Colleague: 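This structure is in C-alpha cells; I'll ask about it shortly.
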There are 2 protein chains.
Amino acid sequence: MPRSSREQAARTRESILGEVVDEASVSGLDGITIGTLAEHLGMSKAGVIGPFGSKESLQLEALGRAAAIFRADVWEPAAREPAGRARLAALIEAWLSHLARPAFPGGCFLTQAAADFDARPGEVRDAVQRIGRLWERTLAGEVRAAIESGEIAGVDPEQAAFEVNAIAQGVNQAIQLHRDRDAVERGRRAMRRATGLSDR
Amino acid sequence: MPRSSREQAARTRESILGEVVDEASVSGLDGITIGTLAEHLGMSKAGVIGPFGSKESLQLEALGRAAAIFRADVWEPAAREPAGRARLAALIEAWLSHLARPAFPGGCFLTQAAADFDARPGEVRDAVQRIGRLWERTLAGEVRAAIESGEIAGVDPEQAAFEVNAIAQGVNQAIQLHRDRDAVERGRRAMRRATGLSDR
DNA sequence: CCTACCGATCGGTAGG
DNA sequence: CCTACCGATCGGTAGG
C-alpha cells in the first residue's frame, strides 16, 4: 500500500533537513552547497532545493530544526524537574551532555550559526538573534525562580544567564577545537558557580 | 624616486592581508573569495593570489596577521605592567576594549576562525588550535604568577584561563549578534571574579 | 522527484 | 602586476 504523496513529501523534507543540519554544523550554515547535499542524499539538486525554493529558506528551516533538537536535548529534561535549584542543575547537566555527545557532528549548531551570520544582515541573522535572546531570557528566568524560592542567593539573573551561555561556548570550543574532554568538568564548575548552585 | 620592487611587493602583500583580515572577520576565513578581494582592492584576481600562491596560504598568513593584531592590542599593554594582579587586570581591560572597539569589523577574528575550522582538518585548523592553546597557556601562567606573588588566592589557573577565554567569546557574541554594549560590563565582572581579582 | 540546462562565479594558471 | 583564459561548481529554473 503506497504512502500518500503528502506523507512522502514530508518524509523527503525531513531527510533533507537532517542532512543540512549535520553538514552545517561542520561547514557552517552558509558553507553548505546544494550540490554536495544532493550527492550525499543520492538526489538531484532540483530535488533538494525544490521543496524549499531557495537556499535561504533551506537555511531558515534548518535553523528551526536545530533549535528544536536543542530544546528536546536541553530544555525538555530540565522542564521535567521542579522550577528552582533542581531544574537549574538539570539544565546544566543536559546542556553539558548535549555539548559532549555531541548532538551535531561539528558541535553546537547555534554557536556556529551565530559566528557565521552575526556580522551579516538578513533573515538568517535575525532568526539566530531571536533564538539566542529567547534562550538567554529563559535561562535568566530559571535563575530568578530559584532566587525567589530562596534556594540560591547572591546572583544576578541576567549576569548568571550571560555567564552560563558564555561558558557553554567555551566548552564547545574546547571540545571541538582542542578535543579537550576535561572541558565538561571545567564547564560544570563554572556554570554551577555562576548560578549560585555551588560556592566555588 | 621609485621604491624598490621588493619594497613595493611587501606593501602590496600588506594591503592584501589587511583586506583579507577585515573580510574574513565578517564572512569567515573560508567565506572570502579571491574575486571579491580583487574587486575591493582594485586589483586583478591574479594580482591578489599571485603573492601567496593559493587560497590556503592566504588564509594562513591572514591568521598570522590577525594573531599579531591581537597580541599588539591585548598582550602588549598587559606586558607593560608588572606580572601579577596589575598585569591580569590590564589584560582583562585590554581584551574587553579589543572586543568593544572592535578591532575587526566582524568581531573577534579567532573566535570566527575557530568556529569556522574546528570541525575541518587541515593546516588552518592546526594553526588556529596552536594559537588558542598558546594563548590559554599564557593566561594560566599570568594567573599562576599572581597566585605565587600572593596577590590573589582561591583560584585554579587552568580553570580561570578557561573561564576568561569563554567569557571573551560570550562578550564577542553579545556585541556582534545582539549589539549589546552592556556585555562589556558583564564580561568585566565575570572575568574579574574568575581570576580572583574581585570577590563577586 | 528527474534530466538538462542557464549565467555567474569559483580558485587558479599561462604568458607577458 | 595585468589580460585572457581553464575546468569545475555555484544557486536556481524549465519542462516533464
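Numbered from 1 within each chain, the chains take letters A, B, ... in sequence-line order. Since we're looking at a predicted model, the values are computed, not measured.
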Colleague: Cluster partners of B:Leu29, using ILVMFWY side-chain heavy atoms under 4.5 angstrom, listed by chain and number?
Modeller: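 Hydrophobic cluster check, B:Leu29: joined to A:Leu177, B:Val21, B:Leu60, B:Leu63, B:Ile69, B:Phe104, B:Phe109, B:Leu110, B:Phe117, B:Val124, B:Val128, B:Ile131.
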Colleague: Which residue pairs pass the salt bridge (Lys or Arg N to Asp or Glu O under 4.0 Å) test with at least one member in residues 22-34 of chain A, sequence neighbours excluded?
Modeller: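 Checked against salt bridge (Lys or Arg N to Asp or Glu O under 4.0 Å) - neighbours excluded - the pairs reaching residues 22-34 of chain A are A:Asp30-A:Arg120.
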Colleague: Pairing of DNA chain D as dot-bracket, 5' to 3': ( ) intra-strand, [ ] crossing, | other strand, . unpaired, with Watson-Crick or G-U pairs under 3.5 Å?
Modeller: ||||||||||||||||
Colleague: Output every pair passing salt bridge (Lys or Arg N to Asp or Glu O under 4.0 Å) with a member in residues 106-116 of chain A, not counting sequence neighbours, ordered by first then second residue.
Modeller: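 Checked against salt bridge (Lys or Arg N to Asp or Glu O under 4.0 Å) - neighbours excluded - no pair reaches residues 106-116 of chain A.
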Colleague: Can you confirm whether or not the ring centre of A:Trp95 sits under 6.0 Å from the ring centre of A:Trp75?
Modeller: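 No, ring centres 6.0 Å or more apart.
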Colleague: If a pair satisfies side-chain hydrogen bond (donor to acceptor under 3.5 Å, both in side chains) and one of its residues is in residues 98-109 of chain A, list it, with sequence neighbours excluded.
Modeller: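 Checked against side-chain hydrogen bond (donor to acceptor under 3.5 Å, both in side chains) - neighbours excluded - the pairs reaching residues 98-109 of chain A are A:Asp73-A:His98, A:Asp73-A:Arg101.
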Colleague: Rounded to the Å, how far apart are B:Glu39 CD and C:dA8 P?
Modeller: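 Spelled out: CD on B:Glu39 to P on C:dA8 is 14 Å.
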Colleague: Counting primed atoms plus P, OP1 and OP2 as sugar-phosphate and everything else as base, spell out the protein contacts along nucleotides 11-16 of chain C at 4.0 Å heavy-atom distance: B, S or - for each nucleotide, 5' to 3'.
Modeller: BBB---
Colleague: Enumerate the residue pairs fulfilling side-chain hydrogen bond (donor to acceptor under 3.5 Å, both in side chains) with a member in residues 78-91 of chain B, sequence neighbours excluded, ordered by first and then second residue.
Modeller: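 Pairs touching residues 78-91 of chain B that pass the test: B:Arg87-B:Glu142.
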Colleague: Listed by chain and number, what are the salt bridge (Lys or Arg N to Asp or Glu O under 4.0 Å) partners of A:Arg13, not counting sequence neighbours?
Modeller: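 For A:Arg13, the residues satisfying salt bridge (Lys or Arg N to Asp or Glu O under 4.0 Å) (neighbours in sequence not counted) are A:Glu61.
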Colleague: Who clusters with B:Ile49? Use side-chain heavy atoms, under 4.5 angstrom, across I, L, V, M, F, W and Y, and order the result by chain and number.
Modeller: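 Besides B:Ile49, the hydrophobic cluster comprises B:Ile16, B:Leu17, B:Val20, B:Ile32, B:Ile34, B:Leu37, B:Leu41, B:Met43, B:Val48, B:Phe52, B:Leu58, listed by chain and residue number.
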